[in-house]
2 protein chains.
Amino acid sequence: MAYAEVFTALADPTRRHIFEALLECPKTVGELAANEVVSRPAVSQHLKVLETAQLVAVEPQGNRRLYSIKSDGLEDLRNYLDRFWSDVLSAYGAEISRRMNNH
Amino acid sequence: MAYAEVFTALADPTRRHIFEALLECPKTVGELAANEVVSRPAVSQHLKVLETAQLVAVEPQGNRRLYSIKSDGLEDLRNYLDRFWSDVLSAYGAEISRRMNNH
DNA sequence: CTCATTGGTAAGGCATGACTTACAGTAAGC
DNA sequence: GCTTACTGTAAGTCATGCCTTACCAATGAG
């Protein structure tokens, strides 16, 4: 039921960029910040949002923190869309039959 | 390639509510606004965002404007997620093999 | 023709969010 | 131990977004 946070998290271009960067392989905050235009603290804040949305996970490794993709958030979003998808199709069916009756 | 606008559009709770209301059947602006907490102009502005994201379509009917679901936006989002989904899985595979080598 | 209904747009206020710099804390290297 | 590297948090600034009221255009009803 966390699809709301997922929408919010992925609505931001920078957060999408960070998220997509993590698809390649797990990365530290510094590595992620090196590929972004914004500052490192900004990346930290974005990672916090992504973590709340269950899109990433952290694993402290000594001095550094290794961030990696967590599929839970995407799964929530996918379930939300799947539920909608059937509703959309049935809505189309209802609309079509409605038009066939009216026209 | 409009998934960015779709994320932005569906990140707002009111817009999600409007969008979900349209799943039942096409509705006019007044009907939609009657079921929302915000004012009618606010609903109009939300509908504009949803329309930009290819999530709804309009059909003027005399005095009124009938809004209905348009699946294009959801389809874009779905394609984006599908592409990610395979990447997520392959990323997991890489991560697993990486851990098997290291530990 | 006149008035009411419907709905989009403009302008302004206010809250939220994204970014920055500064600071604090913890682990690593010497 | 002392310094350096890595990262999260706090505080403040600035832009963006959402909402409101006011206004205007177009259609329908009488």
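Protein chains get the first letters and strands the later ones, always in sequence-line order, with residue 1 at the start of each.
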Is there a donor and acceptor pair, one atom on the side chain of [X] and one on the base of [N], closer than 3.5 Å?
X: B:Arg64; N: D:dG28; value: no
X: B:Arg65; N: C:dG7; value: no
X: B:Gln45; N: D:dT20; value: yes
X: A:Asn63; N: C:dA28; value: no

Applying side chain to side chain contact (heavy atoms under 4.5 Å, CB included), run through A:Phe19 and A:Ile69 and close with a yes or a no. CA-CA 7 Å; A:Phe19 182 69; A:Ile69 293 291; 3.2 Å; yes

Separation of [X] atom [atom1] from [N] atom [atom2], in whole Å?
X: A:Lys27; N: D:dC6; atom1: NZ; atom2: P; result: 17 Å
X: A:Glu59; N: D:dC6; atom1: CD; atom2: C1'; result: 16 Å
X: B:Gln61; N: C:dG7; atom1: CD; atom2: P; result: 11 Å
X: A:Leu10; N: C:dA18; atom1: CG; atom2: P; result: 12 Å
X: B:Glu31; N: C:dT6; atom1: CD; atom2: C1'; result: 12 Å
X: B:Glu51; N: C:dG7; atom1: CD; atom2: C1'; result: 13 Å
X: A:Glu5; N: C:dG17; atom1: CD; atom2: C1'; result: 16 Å
X: A:Leu50; N: C:dG17; atom1: CG; atom2: P; result: 15 Å

Hey, can you tell me if A:Tyr80 and A:Phe84 have their rings parallel, tilted or perpendicular (30° and 60° cut-offs)? tilted

Does some side-chain heavy atom of B:Glu59 sit less than 4.5 Å from a side-chain heavy atom of B:Gln61? yes

Both B:Tyr67 and A:Arg40 contact DNA chain C. Taking the nearest nucleotide for each, which residue is further toward the 5' end? B:Tyr67

Any [X] side-chain N or O less than 4.0 Å from OP1/OP2 of [N]:
X: B:Thr14; N: D:dC19; value: yes
X: B:Lys48; N: C:dG7; value: no
X: B:His46; N: D:dG17; value: no
X: B:Ser39; N: D:dC19; value: no

Side-chain donor or acceptor of A:Lys27 paired with backbone N/O of A:Ala21 under 3.5 Å: yes

B:Arg78 CZ: over 12 foreign heavy atoms closer than 6.0 Å: yes

Please determine, for the side chain of [X], which listed nucleotide ([options]) has the closest atom?
X: B:Ser44; options: C:dG7, D:dC19, C:dA18; answer: C:dG7
X: A:Val29; options: D:dT7, C:dG8, D:dC19; answer: D:dT7
X: A:Pro41; options: C:dT9, D:dT9, C:dA18; answer: D:dT9

